[in-house]
Each structure stands twice: as C-alpha cells, then as structure tokens.
Protein chains: 2
Amino acid sequence: MADKVTIADVARVAGVSRQTVSNVLNTPDVVREETRRRVLDVVGELGYRVNRAARQMRTGRSQLIAIRIDPDRDGINGSVLDRFLHGLTDSAARAGYRVLLYTADDDRSEVATFEDLLGAYEPDGFVLTGTHHRDPRASWLLDKGVPFVTFGRPWGEEATTRHPWVDVDGSAGTAAATRHLLDAGHTHIGFLGWPAGSGVGDDRRAGWVRALAGAGVDPTGLSRATSDAVADGEAAARDLIDSDPGVTALVCVSDSLAVGALHAARSPGLAWREEDTRPDLPIAVIGFDDTPVAKAVGLTSLSQPLKEAAANCVTLLARILEGTETARASAASPAHVLLEPSLVIRQSA
Amino acid sequence: MADKVTIADVARVAGVSRQTVSNVLNTPDVVREETRRRVLDVVGELGYRVNRAARQMRTGRSQLIAIRIDPDRDGINGSVLDRFLHGLTDSAARAGYRVLLYTADDDRSEVATFEDLLGAYEPDGFVLTGTHHRDPRASWLLDKGVPFVTFGRPWGEEATTRHPWVDVDGSAGTAAATRHLLDAGHTHIGFLGWPAGSGVGDDRRAGWVRALAGAGVDPTGLSRATSDAVADGEAAARDLIDSDPGVTALVCVSDSLAVGALHAARSPGLAWREEDTRPDLPIAVIGFDDTPVAKAVGLTSLSQPLKEAAANCVTLLARILEGTETARASAASPAHVLLEPSLVIRQSA
DNA sequence: ATGAAAGCGCTAACAT
DNA sequence: ATGTTAGCGCTTTCAT
C-alpha cells in the first residue's frame with residue numbers, strides 16, 4: 001500500500017501549520033509567495049496528494065462524474081459511445097475529475113441507480129447519453145437539483161432550455177452527405193432511416209430532405225424506415241431500389257443500415273444495373289457515425305467529433321460545479337453546444 | 001440534492017444508538033433479530049445509504065476498482081475491451097464495487113496514474129489489461145502491495161505465479177478453428193499472425209501449429225507475420241496465397257487481419273481460382289475476437305467469453321479484498337482462470 | 001499571513 | 001446486545 005502522506009506530514013516538514021498547507025492548495029492567493037513555494041516543494045518531495053474522501057467529507061464534493069456504459073446493442077453503433085467515453089475520461093482527468101461507471105437496463109433502473117450512487121458515492125454530476133422524448137432521467141435530476149449535462153439534445157417540446165447539453169448536428173451531416181452526392185452527379189438519392197419519432201432519426205432525415213429541396217428534388221417515395229440492423233438495411237435498400245430503379249445513391253441514418261445497403265447495392269440481383277446509363281458507377285452509399293465497420297468495408301460515413309463533444313460536456317459540467325451558480329440557477333439559462341459532423345469519404349461514395 | 005440521511009437519523013427514528021445501526025449494516029449477526037428488522041425498516045423508510053466517503057475514512061476501503069480505458073487503436077479490436085468493460089461494471093456492481101476509469105498513453109504514465117489514483121481516490125484494486133512481457137505495471141503494483149488482477153496472462157518467464165489473472169485460451173481457439181477447417185476438408189491451412197514476441201500472438205499461432213500437427217500437416221511456409229491492420233492482412237494473405245496456390249483456408253490472429261484476408265481472398269486477382277480443383281469453394285477465412293466487423297462482413301471468428309472473464313476478474317479481486325489474506329499473501333498462491341473461446345461460424349468458413 | 005479548534009459521517013475499540 | 005468514545009484527513013470558521 002502506498003505510504004500515506006497526510007497534510008500534517010507536509011506541514012511538519014515545511015515547518016508550517018496544517019492550515020497553511022491547506023491554504024496553499026485551496027486558496028493560494030492568501031499565502032505569502034515564499035511560504036507557498038516552500039510548501040509546494042515539500043508536497044512534490046513527499047508525493048503528497050489530497051485525500052478525496054477526507055476532502056469530500058468537508059466539502060461534499062467527490063470529484064466524480066458518473067456515466068452509464070451500455071451493453072453493445074447492435075455492436076456497430078455501440079462503438080460511438082465507447083469512443084465518447086474515452087474522450088470523457090481524458091477531459092475529465094484534465095479538469096480534475098474522474099469517471100465513475102454504472103450500468104442500467106432502462107430509464108427506470110437508471111433513475112434507481114442515480115439514487116443509489118448519490119446516496120453512496122455522491123458523484124458531483126452526471127453525463128447522460130441517448131436522450132429521447134420525455135426523458136424521465138433528465139426530469140428526475142432536474143427535480144433533485146443534481147448537476148448534469150446530456151450528450152444529445154432534449155428532443156421533447158419544452159425541455160429544450162432546461163439543462164445544458166452538447167450534441168452533434170445530424171441534419172447538417174446528412175445534408176452535407178446529400179450535397180456531396182448531388183455534386184457527384186447523383187439526383188435520385190434515397191434515404192434509409194428509422195421509424196419516425198426518434199429525435200435523432202428524424203433530425204438526420206430532415207437534413208437529407210433539406211439538401212434535396214435545395215437542388216429542387218422531390219423526396220417523395222425516396223425514403224424507407226426500418227429498425228437498426230444490417231439485415232433490415234439490406235431489405236429496405238433492396239425494396240427502395242426495386243421500386244425506383246432510378247435511384248443511384250443512398251444516404252443512411254446509421255452505419256448498420258449502410259452496411260446492409262452496401263450488401264444490397266453489390267448483390268448479384270442488381271446485375272441489370274450494368275446495362276444502366278452509368279454502367280461504371282455502382283450505387284453510392286453513405287453511412288453515419290464512421291464506425292470501425294465503415295472503415296473496414298470502405299464505407300463513406302459521417303464522423304462525429306466525439307472527443308470534442310466529450311470535452312464540451314466536461315466544460316459545461318465543470319462550469320456548474322465550480323461556478324457560483326447552482327444547478328438550478330444555471331438551469332435558467334443553460335449552455336448548449338452543437339457540433340458539426342464531418343464526411344469521411346471512402347470507396348462507397 | 002438528495003436530502004442527506006445519516007446514520008444518526010436512522011438511529012433516532014429506530015430508537016437505538018448509532019452504533020447499533022452500524023452493527024446491523026456491518027455485523028448483522030451481532031444484533032438481535034428484532035432490533036435488526038426494526039433498523040432495516042427505518043433504513044428503507046428513510047432511504048438511508050451509507051456514505052462511502054465517511055466509511056472510507058474509517059476503513060480505508062473505497063469500494064472502487066480502477067481500470068484503464070484505451071483509445072480505440074485499430075478500431076476493430078478496440079471493441080473487445082469495451083465489451084469487457086461493460087461486463088466488469090456489471091459484475092463489480094453486483095459485488096458492491098464501482099468502476100473508476102483512467103487513461104494512460106503507455107506503461108510509464110499508467111504507473112504514474114496508479115500513484116495519483118492511490119493517493120487521491122484510493123481505489124481498492126486495479127484490473128490490468130493488455131499484459132505483456134516484463135510488464136512494469138504488474139511489478140509496481142506487486143511491489144507496493146496493491147491488490148490487482150490482470151485480464152491476460154503474465155507472459156514473462158517467472159512472473160506466472162505472482163498475481164491472480166484471468167485469460168482466454170487463444171491457442172485452444174485457433175486449434176479449434178483449424179480443426180474446423182480440417183473437418184471441412186481443407187488441408188493447406190495458412191496462418192496470418194503478428195511478429196513473434198507478443199505473448200498473445202505466439203500463443204494463438206501455437207494452436208494452429210498444434211492442430212495441423214494433429215492432422216500430420218507441416219506448417220512450414222504456411223504462415224505470415226505482420227502488424228495488425230486491414231491493409232497488412234490483405235497484403236500478407238495475397239503473398240501467402242501467391243507463394244502457395246494450394247492454400248484454401250486462412251486462420252488469422254485477429255479480425256483486422258482476417259478482414260484484410262477476406263479482401264484478398266475475394267479479389268479479382270484470384271480469378272484463376274475458379275479453374276481450381278474446388279471451383280465452388282472460395283478461400284475460407286477465420287478471424288479472432290468476433291468483433292462487430294466480423295458480424296457485419298460475415299466473418300467466422302473466435303469469440304471470447306468477455307462477460308465471464310470480467311466476472312472472474314471481479315471474483316478474484318474481491319477474494320483478495322475481502323478475504324483475510326493480504327495482497328502479498330495471496331500473491332503466494334494466486335488464482336488463475338483460463339477460459340475457452342468459442343467459434344462463431346459465418347459465411348467465411 | 002498564519003495558527004487553533006471544530007466537525008463532516010462513519011466504524012473499531014472499549015465499556016456497559 | 002447495546003451504548004460511549006475517539007478519530008480517520010481534511011477544510012471552514014474564527015482568532016492571532
């Protein structure tokens with residue numbers, strides 16, 4: 001076990017009182033320059049670190065940020081949160097916080113975990129991911145006055161302005177992807193999305209509609225909605241292409257669907273395409289999230305700036321935690337950050 | 001903020017002393033049945049949770065397990081650790097622990113983080129991943145007497161018996177994969193691996209050699225070593241196939257290399273294969289780790305029982321933490337767990 | 001600018 | 001079987 005160096009040890013060696021050491025650490029400006037340097041030297045020499053548990057008892061601050069880690073649902077999209085998690089751990093450490101993990105199967109059990117965690121480990125704040133309509137988790141934290149930030153907009157009606165959030169502009173991404181295809185000469189550009197109602201999915205679809213509108217293309221009949229699995233994407237793509245042979249490109253709401261679309265686009269059943277007007281041009285496909293799978297199969301995809309998103313989450317949370325403002329006060333005019341995804345171009349488009 | 005309920009509140013409402021409440025929680029058998037029930041009722045009623053910080057000051061136990069989260073190096077193989085992490089969080093919670101995350105760029109900075117963490121948050125133990133020859137991290141923790149378990153064998157010479165570890169039997173996996181191919185009629189089965197010297201890579205290669213030997217096949221000239229990237233795998237596969245046209249199947253040390261091999265195996269340059277003795281049979285490929293990419297591209301792969309591995313890590317660590325034995329004592333005869341991977345069969349083999 | 005005293009919530013030792 | 005005392009390491013008054 002590492003030999004415990006307490007504040008008293010530092011004080012003794014530096015020839016000052018315990019209190020002065022504490023001041024040097026917490027209120028440096030109140031200590032004389034010379035004393036400060038001497039104390040800091042001893043701190044370094046002895047390898048002293050403040051004990052969080054003891055500090056927490058006095059200040060009530062644990063320097064812990066809690067976040068849920070999901071089971072890898074689809075497996076393809078799961079990696080997004082994992083990369084976000086890495087960024088969060090990194091940024092948090094720089095800001096003097098550590099990340100505490102928890103799991104939960106659904107919103108209800110997650111709220112139960114909030115209570116548990118708050119009562120026991122007392123994390124200073126939470127980072128919520130996967131926000132959705134009428135998210136009970138946000139309401140609960142808001143209600144208790146627990147500081148938190150969400151990675152993902154609150155998609156509900158009125159909730160928009162009640163807590164700080166960081167998000168990536170999905171519609172800007174799909175619009176950029178669509179424009180990229182338009183620039184490449186495509187006009188019949190389809191969209192593979194999720195069933196209406198999911199904030200994220202609707203938003204990404206909107207970007208495609210907007211870009212098509214900008215080029216004077218009517219999106220009617222050019223989109224399909226399905227659940228997020230490779231097989232579903234393949235089926236939906238096939239259906240869309242069959243019903244409208246003019247389709248030469250597909251923008252997809254996720255890499256999962258895009259990988260499915262790629263299968264469909266390259267399948268033998270589409271051999272007739274070779275007698276098409278553009279025989280040398282296979283159906284272009286663009287996915288969303290730039291997952292490892294996209295990289296492996298050469299799929300053009302939209303990349304979220306996850307590291308930046310994580311850094312912003314920490315900044316926003318730290319602002320609440322360290323600012324004079326309380327969580328409730330900051331809820332009055334919470335900060336929002338909307339980042340732009342970037343298109344990573346590969347063989348598929 | 002959740003209203004703080006202390007042990008004193010519970011004691012007052014239940015009409016007992018603080019100490020009795022503490023006893024009910026920590027040494028139930030020393031309290032009379034009736035008192036115990038009454039106290040527990042009040043605990044539930046008031047929603048009391050022990051404050052970890054306060055307990056930690058007394059007991060020195062934080063109920064925290066620290067683990068490093070890696071940047072997704074390759075992106076394909078990265079997902080393995082992420083799935084392990086989820087399992088660890090889950091198992092830890094069940095055992096009364098929480099997972100604390102940290103990042104580090106290399107062994108040296110990881111050791112520095114150990115010091116930092118130990119001095120500040122005082123995690124009860126560590127779970128190390130990615131163990132390798134002469135791992136300085138294990139030595140450091142061993143030296144300081146800090147409890148830890150590794151997910152991965154200590155590959156070094158003498159170190160084998162100095163700390164508890166959990167691992168997956170890579171050579172059993174590649175042997176099973178090779179046997180699967182032999183059973184399917186393949187005889188010229190190649191191996192794509194990493195340069196010699198990495199414990200994991202050498203072990204996986206050994207399984208392939210062993211299985212071939214069992215079938216009386218000479219492995220000479222049938223393997224290639226390369227770094228772990230898709231493009232490298234493709235190049236190595238092409239080289240191997242070109243130099244020995246008899247090769248009809250490939251076992252790979254990772255999904256990254258396997259995906260590359262798949263590209264090579266399906267590339268136009270191999271068209272001559274159609275005039276082969278088995279024209280209907282493309283080159284079979286088997287990967288390792290059963291990553292999302294494997295699933296997406298239909299790659300047969302070896303799946304590690306990550307959830308089980310994580311659970312075993314927690315069990316082993318908890319045994320040290322909660323047993324009477326000290327870390328040092330348990331180091332005298334540490335427990336080892338070796339799990340078997342399973343072959344997930346898909347189109348590629 | 002520095003020091004002394006008090007107490008955060010809990011549990012290990014020692015009474016009763 | 002239950003209660004009392006003390007103190008973990010720190011920071012926040014308050015005094016010097």
Side-chain angles (χ1 to χ4, degrees), chain A residues 1-40 42-43 46-64 96 118-122 124 322, chain B residues 1-40 42-43 46-64 96 117-122 124 322 324:
Chain A
M1 224 59 61
D3 34 326
K4 285 213 185 172
V5 181
T6 77
I7 207 170
D9 298 323
V10 177
R12 187 166 29 73
V13 176
V16 297
S17 77
R18 272 186 235 113
Q19 197 38 39
T20 301
V21 178
S22 177
N23 284 337
V24 168
L25 268 32
N26 302 294
T27 341
D29 33 304
V30 93
V31 178
R32 205 183 349 160
E33 169 67 14
E34 185 210 317
T35 317
R36 201 174 59 80
R37 303 228 359 133
R38 184 153 40 97
V39 170
L40 285 178
V42 175
V43 164
L46 265 46
Y48 167 80
R49 327 254 164 177
V50 326
N51 180 304
R52 297 292 174 190
R55 170 179 281 185
Q56 184 178 345
M57 288 207 64
R58 275 311 271 164
T59 64
R61 310 280 317 287
S62 64
Q63 304 297 114
L64 247 27
L118 252 10
Y121 293 85
E122 305 186 299
D124 294 336
E322 286 152 29
Chain B
M1 223 58 63
D3 35 324
K4 285 214 182 169
V5 181
T6 77
I7 207 170
D9 298 322
V10 176
R12 188 166 30 73
V13 175
V16 297
S17 76
R18 272 185 236 114
Q19 193 42 37
T20 301
V21 178
S22 177
N23 283 338
V24 169
L25 268 32
N26 303 293
T27 340
D29 33 304
V30 91
V31 178
R32 205 185 349 162
E33 169 66 14
E34 185 209 318
T35 316
R36 202 175 58 81
R37 303 224 6 128
R38 184 154 40 96
V39 169
L40 284 179
V42 175
V43 164
L46 265 45
Y48 167 80
R49 325 252 165 178
V50 323
N51 181 305
R52 244 69 209 197
R55 171 179 281 184
Q56 184 179 345
M57 288 207 64
R58 266 319 263 165
T59 65
R61 311 280 317 287
S62 64
Q63 304 297 114
L64 249 25
L117 247 24
L118 253 10
Y121 293 84
E122 305 185 299
D124 294 336
E322 286 151 29
T324 51

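What you see is a predicted model; the values in this text were computed from it and never measured. In what follows, every chain begins at residue 1, and chains take the letters A, B, ... in the order their sequences are listed.
Of the listed nucleotides (C:dC10, D:dG3, D:dT2), D:dT2 has the atom at the smallest distance from the side chain of B:Arg32. The side chain of A:Arg58 sits closest to D:dG9 out of D:dT4, D:dG9, C:dG3. Ranking D:dG3, D:dC8, D:dT11 by closeness to the B:Met57 side chain, first place goes to D:dC8. In the set D:dC10, D:dT2, D:dA6, the nucleotide with an atom closest to the side chain of A:Tyr48 is D:dC10. Among C:dG3, D:dC10, C:dG9, the nucleotide with an atom closest to any side-chain atom of A:Thr20 is C:dG3. Distances from the side chain of A:Thr59 to the nucleotides D:dT11, C:dT2, D:dT4 place D:dT11 closest. Taking only side-chain atoms of A:Val31, from C-beta outward, the nucleotide of D:dT11, C:dT2, D:dA6 with the closest atom is C:dT2. For B:Thr6, the listed nucleotide lying nearest its side chain is C:dG9; candidates were C:dT11, D:dG9, C:dG9.
At whole-Å resolution of the value, CG in B:Leu25 and C1' in D:dT2 are 16 Å apart. With rounding to whole Å, A:Arg61 atom CZ is found 17 Å from D:dC10 atom P. Separating the CD atom of A:Glu122 from the P atom of C:dG9 is a distance of 9 Å, rounded to the nearest angstrom. The interatomic distance linking A:Ile7 (CD1) with D:dG7 (P) rounds to 19 Å, in whole Å. Look at CD on B:Glu34: it is 8 Å from P on D:dT2, rounded to the nearest Å. The distance from atom CZ of B:Arg12 to atom P of D:dT2 is 19 Å, rounded to the nearest whole Å. Counting to the nearest Å, the C1' atom of D:dG9 and the CG atom of A:Asn51 are 6 Å from each other. B:Arg18 has its CZ atom 11 Å from the P atom of D:dG3, to the nearest Å.
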* To do: Starting from the C-alpha separation in whole Å, work towards a yes-or-no answer on side-chain hydrogen bond (donor to acceptor under 3.5 Å, both in side chains) for B:Arg18 and B:Asn23.
  => CA-CA 9 Å; B:Arg18 272 185 236 114; B:Asn23 283 338; over 6 Å; no
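At distances below 3.5 Å, not a single donor-acceptor pair connects side-chain atoms of A:Thr27 with backbone N or O atoms of A:Val30. No donor-acceptor pair under 3.5 Å is formed between the side chain of A:Tyr48 and the backbone N or O of A:Asp9.
Checked by distance alone, B:Gln19 brings a side-chain donor or acceptor within 3.5 Å of a matching partner on the base of C:dA12.
One finds a salt bridge joining A:Arg36 and A:Glu33 here, because a Lys/Arg side-chain nitrogen approaches an Asp/Glu carboxylate oxygen to under 4.0 Å.
Atom CZ in B:Arg55 sits 6.5 Å away from atom CD in B:Gln63 (nearest 0.5 Å).
At C:dA1, none of the side-chain N or O atoms of A:Thr35 fall inside 4.0 Å of OP1 or OP2 (strictly under the cut-off).
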